[in-house]
There are 2 protein chains.
Amino acid sequence: MATDVQVALDRSSPVPLYHQVATAFEAAIRDGSLPPGTRLDNEIELAKRFSLSRPTMRQALDQLVQAGLVVRRRGIGTQVIEPPVRRPLQLSSLYDDLIEQGSKPTTQLLEFEAVAADTDRAELLGIKEGSPLQHLRRVRSIDGTPLAIMENWVPADVVQLTPEQLKHSGLYDLMRANGVDFRLAHQRMGATVADAEQSALLEVDEGSPLVLMERVARDSNGQAVDGGHHLYRADMYSFEMTLVK
Amino acid sequence: MATDVQVALDRSSPVPLYHQVATAFEAAIRDGSLPPGTRLDNEIELAKRFSLSRPTMRQALDQLVQAGLVVRRRGIGTQVIEPPVRRPLQLSSLYDDLIEQGSKPTTQLLEFEAVAADTDRAELLGIKEGSPLQHLRRVRSIDGTPLAIMENWVPADVVQLTPEQLKHSGLYDLMRANGVDFRLAHQRMGATVADAEQSALLEVDEGSPLVLMERVARDSNGQAVDGGHHLYRADMYSFEMTLVK
DNA sequence: AAGTGGTCTAGACCACGCG
DNA sequence: GCGTGGTCTAGACCACTTC
């Protein structure tokens, strides 16, 4: 089996070796060099080829498993999996597609104000009631078509935002640039229908389906740094994920 | 900081040591023995305490990170984060979810028939057009309240289902019992609104929001073993997940 | 019996955060 | 400077699948 993946390993790079290797394999799988069903060499052979130890090679392969790109079975080997099929009809990840095509999302800032945390917000973010928050409400559009209404609450002590900044950058980019180190997020996805105001903002009929996402993001201290409530047009957005056992 | 987690390690058990340790910590975190903010001992200390090597102890801690239970930072240490009401991403079915919550779901089998794969279905499952499939359509209720309309396509060569079995078990349980080894699933979530038939089945108003989930599950061979198209009442279902790093 | 991945060990050096 | 997690090595034994 030809598993001729080319890797230019840079041992002086800050990027871990296992990640360099995994990235190379991921690229080879995605561009078709390693078509679905391909059986990779065993990990000892691969480790030898890249002059790595077996544990390091394993760490790279584990990353591919986690990404849902290969399956591994003892006694059998490692095989490239069938990629998920994107159906052109119905719901599609138009947002991702447009981003890949080079379209630029634009953001309209509807509201930006300092507020005190009410009971719900305080509980959600794990902070004291009455704590100072920044509340923002935005509409994100792509090529002039509204895609989402995004409402966020950011604790004032995390970062001080300005309306000017928010017009030119995404919230998360902005927060990262200000030293916020996102580590994990809990999110919940559901569905709802557009009311009068929402339908006007998103340019859809009242009663149209919307994807609802609520998210709490935390930094490396475990401190909540953002609470988000987002509504997406269902005809322009769906959330794809790969679950690995 | 008192990190007095008790573990009865069984080295003769088929359960890996790192998993035994991780499970013990997970239990301690979930039951409050290790409240949020608790700082664990460093991994070398922990390894010594459980008589494990450092890599094995690390593997256990990595599992906790992956589950979104702790954060680790070099130079700082390992800290327990907010109480994990959320469950991690995992392969599951609605039936499994409900069982875990202690509820008693019931299933009504609307349709069960042998069909040949049409173009869409063949592409979705990665099989030949015209291949024999089992098509089923069910309504899942909980305590008498309809929760979901579930439509599935299962290749005939994967498992032979019977209507009788489907009334008493979840589809995934049934398939597992027949030797199907689920390994991964690709799924997509979106939103839609109930049409006349759907609203009648789910006992909601026409135009009510529904959570749409499409899923392709694969076994350890990478073969597609189920294609599902599920509609959930938005007022009774949402999907929670934890994203790490 | 041969080959595979899964687990485990006992070290080593490095990058980072802090005092 | 010190302690922390992050990375990497070079082995070992085992469980499982296939022939």
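Letters go in sequence order (proteins before strands), and every chain restarts at 1. Quick note: numbers below take in every heavy atom, side chains included, and nothing from hydrogens, waters or symmetry partners. Small disclaimer: the values here were computed from a predicted structure and weren't measured.
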Participant: Do the ring planes of B/Y237 and B/Y232 sit parallel (below 30°), tilted (30 to 60°) or perpendicular (above 60°)?
Facilitator: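 Ring orientation of B/Y237 relative to B/Y232: parallel.
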Participant: Would you give a per-nucleotide map of nucleotides 4-10 of chain C, 5' to 3', where B means the base has a protein non-hydrogen atom under 4.0 Å away, S means only the sugar-phosphate does, and - means neither?
Facilitator: BBBBSBB
Participant: Side chains of A/H229 and A/E151: donor-acceptor distance under 3.5 Å anywhere?
Facilitator: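 Per modelled atom types, A/H229 and A/E151 side chains form no pair under 3.5 Å.
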Participant: My understanding is that only residues two or more places apart in sequence, or in another chain, count here; which of them pass side chain to side chain contact (heavy atoms under 4.5 Å, CB included) with B/P163?
Facilitator: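 B/P163: side chain to side chain contact (heavy atoms under 4.5 Å, CB included) contacts with B/L109, B/F112.
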Participant: Would you call A/E45 and A/R49 a salt bridge, taking side-chain N to carboxylate O under 4.0 Å as the test?
Facilitator: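 Between A/R49 and A/E45 there is no salt bridge, as every charged N stays at least 4.0 Å from the carboxylate O atoms.
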Participant: Indicate the ring-plane relationship of A/F50 and A/F25, choosing parallel, tilted or perpendicular according to the 30° and 60° boundaries.
Facilitator: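 If you compare the ring of A/F50 with that of A/F25, the planes turn out perpendicular.
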